[in-house]
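Presented below is the structure to which this report refers.
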Amino acid sequence: MKRSILVVEDSATMRSLIASTLEDMGDYDITEASNGFEALKILPGRSFDLIITDINMPDINGLELVNFVKKHPTYKDTPLIIVTTEKAEEDRKKGMALGADDYITKPFSPDALQNAARRLLKEE
């Protein structure tokens, strides 16, 4: 069965870059959401093997999304990567404390994202 990944990012260019980086890893079902609100509308109808989210987004930001996902019984075990421009250690600690499994800062190398995704999808 195809593994599925949800990419939540408000920048269409960055969302496309993340999706193509993941597609280079193999045959994945990539679903894209342009903000946290859209992600919350998508989640109830699907299950995902990995969620990747930005922090700075309109409506519901990435930290609020991480908090929701990790407290929800259906999604709490879904691995989650934050990909963000927020480079401060305080931001990283906050994201990890909310339950993110990895924290990658932009700009990132394709290898960094692919390695994190493979590790969390247990495909190392």
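Excluded from the calculations below are hydrogen atoms, water molecules and symmetry mates; all remaining heavy atoms, backbone and side chain alike, are included.
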**Message:** Quick check on Y75: does its OH atom have over 12 non-hydrogen neighbours (other residues, nucleotides or ligands) under 6.0 Å away?
**Reply:**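 Buried by this count: over 12 neighbours within 6.0 Å.
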**Prompt:** Are there more than 12 heavy atoms of other residues, nucleotides or ligands under 6.0 Å from atom NZ of K70?
**Reply:**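 Counting other residues, nucleotides and ligands, NZ of K70 exceeds 12 neighbours.
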Looking at [X] and [Y], would you say the former's side chain and the latter's main chain have a donor-acceptor pair under 3.5 Å?
| X | Y | result |
| --- | --- | --- |
| R15 | E9 | yes |
| T21 | L113 | no |
| S20 | S16 | yes |

Mind listing the closest non-hydrogen atom pair of [X] and [Y] along with its distance?
| X | Y | answer |
| --- | --- | --- |
| T78 | D101 | O-OD2, 4.1 Å |
| A116 | I104 | CB-CD1, 3.8 Å |
| A39 | L6 | CB-CD2, 4.2 Å |
| S47 | S4 | O-OG, 3.0 Å |
| A117 | L50 | CB-CD2, 3.8 Å |
| P58 | N35 | O-CB, 3.9 Å |

[X], [Y]: one ILVMFWY side-chain cluster at the under-4.5 Å cut-off?
| X | Y | value |
| --- | --- | --- |
| I52 | I42 | no |
| F108 | I30 | yes |
| M14 | M25 | yes |
| V83 | L63 | no |
| L80 | L120 | no |

**Asked** Under the side-chain contact (heavy atoms from CB on, under 4.5 Å) criterion, do T105 and T85 qualify, and how do the steps go?
**Response** CA-CA 5 Å; T105 55; T85 56; over 6 Å; no
**Asked** Is the closest side-chain donor-acceptor distance between Q114 and D24 under 3.5 Å?
**Response**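 Distance-only check fails for Q114 and D24.
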**Request:** Taking atom types as modelled, find out whether T31 and R46 have a side-chain donor-acceptor pair closer than 3.5 angstrom.
**Result:**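 Indeed, the side chains of T31 and R46 share at least one donor-acceptor pair under 3.5 Å.
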**Request:** Would you mind reporting whether K71 and K76 have side-chain heavy atoms less than 4.5 Å apart?
**Result:**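 K76 does not reach K71 side chain to side chain.
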**Asked** Are any of the side-chain heavy atoms of T84 and D91 separated by less than 4.5 Å?
**Response**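 No. Closest side-chain heavy atoms not under 4.5 Å.
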Note: [X]-[Y] ion pair, threshold 4.0 Å (strictly below):
| X | Y | value |
| --- | --- | --- |
| R92 | E89 | yes |
| K122 | D49 | no |
| D27 | K2 | yes |

**Message:** Between T53 and M57, is the side-chain contact (heavy atoms from CB on, under 4.5 Å) condition met? List the steps.
**Reply:** CA-CA 9 Å; T53 185; M57 297 182 291; 3.5 Å; yes
**Message:** Return the OH to CG distance between Y103 and L98, rounded to the nearest 0.5 Å.
**Reply:**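 Y103 OH to L98 CG: 11.0 Å, rounded to 0.5 Å.
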**Prompt:** Do D29 and F48 pass the side-chain contact (heavy atoms from CB on, under 4.5 Å) test, and can you show the C-alpha distance, the side-chain angles, and the key distance before you say yes or no?
**Reply:** CA-CA 9 Å; D29 179 15; F48 292 95; over 6 Å; no
**Prompt:** I18 and side chain to side chain contact (heavy atoms under 4.5 Å, CB included): which partner among I81, D54, I5, V7?
**Reply:**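 The passing option is V7.
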**Item:** Residue among I55, D59, V8 satisfying side chain to side chain contact (heavy atoms under 4.5 Å, CB included) with L65
**Value:**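 It is V8, the one option of I55, D59, V8 that forms the side chain to side chain contact (heavy atoms under 4.5 Å, CB included) with L65.
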